Amino acid sequence: MRIKINKKLHDFFNENRIAIGNSNIGETISFADENDSIEQFSDFKFNMLYTSGAFSYSFSTFGKSISVGRYCSMGGGIKLMGNRHEPSFVTTHPVVTDQDWVYLAQGFGKVWKNTLINKDYGKVVIGNDVWIGDDVIIKGGCKIGDGAIVAAGSIVTKDVPPYAIVGGNPAKIIRLRFREDIVEKLMEIRWWRFPFWDLNELNWTNIEDFIHKFYEIQHGLHEFKAKRFFVRELIELSK
């Protein structure tokens with residue numbers, strides 16, 4: 001599905017600091033699901049929209065609906081696996097499961113009975129502060145936890161725990177980024193709830209100092225209430 005950028009949409013993106021690869025008036029934007037939503041300060045390096053949290057960016061287009069949290073860094077060439085085939089059937093070919101083949105048989109005056117199946121693996125959900133390298137393939141339905149890192153060229157076929165570093169084919173846990181007790185504290189404080197400019201006092205290069213100082217200042221912090229817009233709202237603006 002596509003929409004064309006008009007002046008209203010162009011001004012909307014600028015006002016809400018939403019970066020689009022080519023946001024010139026007259027350019028086309030693609031999207032997979034009009035129910036996807038976008039927070040202010042999201043950055044799309046190409047003209048393909050998906051659900052994204054503030055301060056996240058991606059050099060990939062995905063081509064399917066995907067949900068991305070805040071402060072995520074995603075490389076190029078990331079792909080979502082295609083539709084599911086049924087391995088327990090005689091053949092994995094979609095001739096058994098897709099309606100198109102019924103119509104083809106009708107063209108020859110024949111009747112073809114098929115068995116419809118749910119071919120969707122499910123939506124990919126990426127947490128906050130996730131880094132995904134180039135050319136990663138992700139199976140539908142997988143959840144990549146907060147703070148995780150996926151090495152370039154990996155094939156993710158199952159959920160990735162928070163703050164795990166995974167890699168390979170299929171992707172396996174290499175190690176956690178931090179000790180388990182540190183991970184527990186990070187999952188408790190969920191620093192991505194806040195705008196980075198309010199966390200300027202924290203030591204971003206030393207995890208233990210970061211956590212210690214965060215607990216000292218947390219009561220003076222206010223969660224970042226970035227505006228979130230649904231793609232269907234953008235469709236209306238494009239009319």
Side-chain angles (χ1 to χ4, degrees), residues 21 30-33 36 38 42-53 55-98 100-101 115-184 186-187 190 192 207:
S30 301
F31 61 93
D33 189 339
D36 282 341
I38 303 165
S42 295
D43 188 346
F44 304 89
K45 301 300 183 184
F46 296 98
N47 288 27
M48 177 75 195
L49 302 181
Y50 49 85
T51 292
S52 177
F55 315 115
S56 288
Y57 67 90
S58 171
F59 286 91
S60 297
T61 56
F62 303 117
K64 291 186 175 183
S65 183
I66 184 174
S67 176
V68 178
R70 290 180 173 181
Y71 294 98
C72 288
S73 307
M74 294 176 287
I78 300 171
K79 297 178 181 178
L80 307 184
M81 284 189 185
N83 291 334
R84 184 177 74 87
H85 295 242
E86 181 48 65
S88 68
F89 289 0
V90 173
T91 178
T92 56
H93 192 279
V95 68
V96 183
T97 58
D98 287 13
D100 291 345
W101 304 96
T115 302
L116 297 177
I117 63 171
N118 182 3
K119 306 190 77 173
D120 188 5
Y121 283 110
K123 192 167 187 172
V124 170
V125 178
I126 297 174
N128 305 278
D129 186 29
V130 172
W131 175 23
I132 302 179
D134 293 344
D135 302 319
V136 167
I137 298 175
I138 307 172
K139 181 180 178 180
C142 286
K143 294 178 173 59
I144 300 179
D146 298 323
I149 296 174
V150 181
S154 299
I155 299 181
V156 179
T157 59
K158 59 183 180 180
D159 292 353
V160 177
Y163 285 93
I165 300 174
V166 302
N169 177 14
K172 296 180 180 179
I173 297 175
I174 299 170
R175 62 179 175 86
L176 291 180
R177 286 177 59 191
F178 308 108
R179 298 193 314 263
E180 288 188 13
D181 61 311
I182 294 293
V183 171
E184 289 177 4
L186 286 167
M187 294 302 295
R190 294 181 297 128
W192 44 82
I207 189 62

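Everything numeric here is computed off the predicted structure, so don't read it as measured data.
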Which distance, rounded to the nearest 0.5 Å, do you find between the [atom1] of [X] and the [atom2] of [Y]?
{"X": "Thr61", "Y": "Tyr50", "atom1": "OG1", "atom2": "OH", "answer": "9.5 Å"}
{"X": "Ile117", "Y": "Arg84", "atom1": "CD1", "atom2": "CZ", "answer": "4.5 Å"}
{"X": "Thr157", "Y": "Ile138", "atom1": "OG1", "atom2": "CD1", "answer": "11.5 Å"}
{"X": "Ile78", "Y": "Ile132", "atom1": "CD1", "atom2": "CD1", "answer": "5.0 Å"}
{"X": "Thr51", "Y": "Asp33", "atom1": "OG1", "atom2": "CG", "answer": "7.5 Å"}
{"X": "Met48", "Y": "Lys64", "atom1": "CE", "atom2": "NZ", "answer": "11.0 Å"}

Does the [X] side chain pair with the main chain of [Y], one donor and one acceptor, at a distance under 3.5 Å?
{"X": "Ser56", "Y": "Cys72", "result": "yes"}
{"X": "Asp135", "Y": "Ala152", "result": "no"}
{"X": "Thr97", "Y": "Leu116", "result": "no"}
{"X": "Lys79", "Y": "Ser60", "result": "no"}
{"X": "Asp159", "Y": "Lys143", "result": "yes"}
{"X": "Asp146", "Y": "Asn128", "result": "yes"}

Which atom pair, heavy atoms only, marks the closest approach of [X] to [Y]?
{"X": "Val95", "Y": "Trp101", "result": "CA-CD1, 3.4 Å"}
{"X": "Thr92", "Y": "Glu86", "result": "CG2-O, 3.9 Å"}
{"X": "His93", "Y": "Thr91", "result": "N-OG1, 3.0 Å"}
{"X": "Arg177", "Y": "Gly147", "result": "NH1-O, 2.9 Å"}
{"X": "Gly167", "Y": "Ala151", "result": "CA-CB, 4.0 Å"}

Quick check: do [X] and [Y] have side-chain heavy atoms less than 4.5 Å from each other?
{"X": "Ile126", "Y": "Met74", "value": "yes"}
{"X": "Ile173", "Y": "Pro161", "value": "yes"}
{"X": "Phe62", "Y": "Val124", "value": "no"}
{"X": "Val156", "Y": "Val136", "value": "yes"}
{"X": "Leu186", "Y": "Asp129", "value": "no"}
{"X": "Val68", "Y": "Ser58", "value": "no"}

Suppose the criterion is side-chain hydrogen bond (donor to acceptor under 3.5 Å, both in side chains): which pairs have a residue in residues 117-127, not counting sequence neighbours?
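Sorted result for residues 117-127: Asp36-Lys123, Ser65-Lys123, Asp98-Lys119.
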Is the ring pair Phe178/Tyr163 parallel, tilted or perpendicular, if the boundaries are 30 and 60 degrees?
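The arrangement is tilted - the two ring planes meet at 30° to 60°.
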